[in-house]
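Down below is the structure, laid out as structure tokens.
Just so it is clear, the model here is predicted, and its values are computed rather than measured.
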Amino acid sequence: MSEAADPCGSEVTMRDVQLLISKKDEIEAQIKALYDLLQDQKGVGMDEPLVDREGYPRADVDIYQVRTARHNIICLQNDHKAIMKEIEESLHRLHAREKEKREKDEAEAQAEALQSHQALPTAFAKVDVVTPGSPASMSGLQVGDEIISFGTVNTSNFQSLQNIAEVVQHSEGKPLSVSVVRNGKLVSFALTPLRWSGKGLLGCNIIPLKR
């Protein structure tokens, strides 16, 4: 009947569905035109008798035209029923494929996030204050950074903030390797403790994270 889409095929696109809907609209327009024709023939419709009371063909209507119109309406109604089923099946296949793709994308995103989370070491402290112009600020340290290593201090040997204080005191003027988790990503940089116009050698405040 219609060559717009093959519901049994491997792929159905939205373009295929649009073509089927256009074909459906065309069929409906043809059916309406034929019903209008029957209405013009004394409103005989699909069931009005085409013979008079005496059994003779009616002279007030075009018998051939009415019979042809009725036949064509029946054929078109069958075509309409078939194409509606085809549209339904095509939409089902299209939505099923889109759902499958969406679920696959979500699963891949979750797997990637899980893998990224698992790949990052556990942080032991967090930066809650960074003073502008301080050594910490100049190194790139930012509020919200979660520290996973600060010089020789890391998750496995961290006990208290005193560990960081001792490293800083013994590293004045020497660059320390610092690694943090920022927005779910690992960021590493060098931080050099220095005397500056503010308090301490860093110019930031670090708080321990509960473990």
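Taking CD from E26 and CD1 from I83, the interatomic distance works out to 8.5 Å, rounded to the nearest 0.5 Å.
The closest side-chain donor-acceptor pair between D25 and S22, if any, does not fall under 3.5 angstrom. If you check the side chains of T155 and T122, you find no donor sitting under 3.5 Å from an acceptor.
Across all non-hydrogen atoms, the minimal contact from T152 to N157 is O-ND2, 3.0 Å.
Looking at L38 and M46, their side chains come closer than 4.5 Å, going by heavy atoms from C-beta outward. Inter-residue side-chain proximity for L19 and R15 is flagged as met; some heavy-atom pair is nearer than 4.5 Å. Taking the side chain as every heavy atom from C-beta outward, V180 and I148 never approach each other to under 4.5 Å. Inter-residue side-chain proximity for I164 and V167 is flagged as unmet; no heavy-atom pair is nearer than 4.5 Å. With contacts defined as side-chain heavy-atom distances shorter than 4.5 Å, the pair Q18/M14 qualifies. Under the 4.5 Å side-chain criterion, counting only non-hydrogen atoms from C-beta, V127 is not in contact with Q142.
Judged purely by atom type and a 3.5 angstrom limit, S134 uses its side chain to pair as donor or acceptor with the backbone of G203. Of the possible polar contacts, one joining the Q41 side chain to the D62 backbone as a donor-acceptor pair under 3.5 Å is found.
The existence of a salt bridge linking D60 and K42 is excluded, since no basic side-chain nitrogen approaches an acidic carboxylate oxygen closer than 4.0 Å.
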